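What follows is a set of notes on a single structure, which appears directly below.
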Amino acid sequence: MATEPSNAAIAGGADSPEPWSARVRTLTRLGRHREALAFLRHGDPSPPPHALALPAAVISCAKLYLASGVAQIHALAAKRGLLPSSDAYLLSALLSSYSRLRLLPLAHQLLDELPLASTAPATARTAFNSLISGCALHGLPAVGCFSLFRRMRVAAGVRFDAVTLLTLVPVAPLGVVPQLHALAARSGLAANTSVANCFMSVYARGGGADLARQVFEEMPRASRDLVSWNAVISAHAQNGLAVEALELYRRMRGPEGGGVEPDAVTLVGVLSSCAHTGARRVGLDVERYVRERIPGFRNNLPLCNALINFHARCGSLPEAHELFDEMPERSIVSWTALIIGYGMHGQGDVAVDLFEMMVSEATAPDNVAMVGLLSACSHAGMYDEGRKYFSTMERDYCLQPKLEHYTCMVDLLGRAGRLDEARELIASMPMAADGAVWGALLGACKIHRNVEMGEEAFKRVINLEPTNVGYYVLMANIYTDAGQLDGVAKVRAMMRQRGLKKEPGCSYVEHKGKVHLFMADDHSHPEAKRIYELVVKLERMVKEKTGGGDDVAEERSEKEEAEAAAPLVGFHSEKLAVAFGLLNTEAGSEIVVIKNLRVCGGCHSFLKTVSALTNRAFLVRDASRFHRFEDGACSCRDYW
DNA sequence: GAACACTAGG
């Protein structure tokens, strides 16, 4: 009968070189705590004093929540004279075990007995670190950790080390992190790679991507490891700085990375950033890397979810769904990513079906899933379903509607033209509406040309977010559509006065591994001349086909009419990007355009007609959703 | 020692 070597070593035999106390330690390390304790009980009780066995046994007792076992060993060790300070391992095992068992008085008693004058500094340091990390790891109040830290430095005069910081910093209240950082810098420990990495991730969690970045940039290149890159990339990805995250990833892969290979954690951050910016090429490269180089990625939930999210948001819904179907195990995040994806493609019915399927598989929706579902209903004009889910979320799923759900509902009602209902919903909110809620109402007023309510929403929203340019632009457009030029001038003056500039629209197309970026009226592309010629030609063809614009006149605002009358102004970026695509790709292939702002009404009807004229399909991702133009129609059915 | 999904709008 074959015996596994490790078992043989543990079981021990006449020929085993491992003393029994070392075997106890091995069993503890393997998590076989009951066996370890059984071994201790039946082992040779004679001296030497079990230097390895007793600390291991303490840990095994703590893992099994056997407080009496810890106490017994404690007593035994005291009798043998191993405590308080002659066995540093035992001391730290007892301290961390007492904190695990929440027997803090016993831990403090042990620490109080420590004769600091005659204890080696390293032992004292380990003792404090054990108790601090025990308190931190087991969710005991951070205050306790900090008073211990203070006692360690001030009362006991013991120097802290990197381990102290690595346990303390993650549980520190955000406000004191900079102070700890300064302390770390003064003691020279801030240069330690793990310590720097730790500060980066803590800053990131508190929204301080800039601080994490600063730590990273100040690290010498040679001391940056994979974790450093992961921490700084994730810091930006988590805080919505997708462009910066991708730039950091580029640096990591270049000479600056010094050959550090990304792992699953890196790629999760990168994929999330690709999903947000629409960086399809980078994301597809990452996907290939994942499939080739990350063995078992299908069992890595965050990684699979990040891939699903990437495909769903970058125009490959079928790929997203396929990955979802192939997952051995799914989480609420997997469902939510797919629901949001279908919502963005205007397929609210599929999003609702997925949601119901998720619920029927006993996955309870959370706030984020509800946001995804409600916004899917909103984009598909599913007024009744949206209302139903919103009104039952508390009863059916124990979820209290939060600001973001009200935002979705105001958007849903407003988009459907029920502005008064939307306004009433805001008035009925149990909390004060924030900028997003009023902004959604403002957006609805733009769609339905309601100057009066728009003015109210605008007043509210700029009170809450005075520097958010988008709202000024929306209000200006409402006035423009209504022909109230004095209103436009007023808003423009406010913007000027506050130093706000409209963010320019830009679109890009990927072609042969290169990104081709276009701004409105932008002539910097090498093929600009041909592109503009094509746009002008297409505009002429569109005008002919649509009978001089008669049948689209209803959809056009006066501003857009003005643009149509003078086609040489207002070359919106999506027109240029589509023209580039038409010039550079063969018939039959889909042209994918990613845009930072919403498609305007003029470009929307232009692209519909051009899709019919050229017999091509265009997939355009704008600020919040996809439009697929084909055969003269758009997948949004002109509801967006 | 680091990870996935979050509304609206320009």
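Sequence lines set the chain letters: A, B, ... in the order given, protein chains first and strands last, and positions in each chain run from 1. All values below were derived from every heavy atom in this structure, side-chain atoms included, with hydrogens, water molecules and symmetry-related copies excluded. Computed from a prediction, not measured in an experiment: that's the story for all the values here.
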- prompt: Hey, does A:Val368 reach any base, or is it just sugar-phosphate, or nothing, if we go heavy atoms under 4.0 Å?
  reply: base
message: Under a 3.5 Å threshold, yes or no: a donor from one side chain and an acceptor from the other, between A:His236 and A:Glu247?
response: no
message: Base, sugar-phosphate or nothing for A:Asn468? Non-hydrogen atoms, less than 4.0 Å.
response: base
query: Which part of the nucleic acid does A:Leu307 contact within heavy-atom distance under 4.0 Å: base, sugar-phosphate only, or nothing?
result: nothing
task: Return no unless some side-chain N or O of A:Ser201 is found under 4.0 Å from OP1 or OP2 of B:dA2.
output: yes
message: Tell me whether the side-chain N/O atoms of A:His379 come closer than 4.0 Å to OP1 or OP2 in B:dA8.
response: yes
- request: Quick one: label A:Arg415 by what it contacts on the DNA or RNA (base, sugar-phosphate, nothing), any heavy atom closer than 4.0 Å.
  value: sugar-phosphate
- prompt: Do A:Glu421 and A:Tyr383 come close enough that some side-chain heavy atom pair is under 4.5 Å?
  reply: yes
- request: Answer with base, sugar-phosphate or nothing: what part of the nucleic acid does A:Ala623 contact at a heavy-atom distance below 4.0 Å?
  value: nothing
message: Does a side-chain N or O of A:His405 approach OP1 or OP2 of B:dC6 to a distance below 4.0 Å, or not?
response: no
message: Using every non-hydrogen atom in the two residues, find where A:Cys274 and A:Leu246 come nearest and quote the distance to one decimal.
response: SG-CD2, 3.8 Å
message: OP1 or OP2 of B:dG1 versus the side-chain N and O atoms of A:Asn197: is any pair under 4.0 Å?
response: no
- request: Rounded to the nearest angstrom, tell me the gap between atom CE in A:Met475 and atom P in B:dA8.
  value: 21 Å
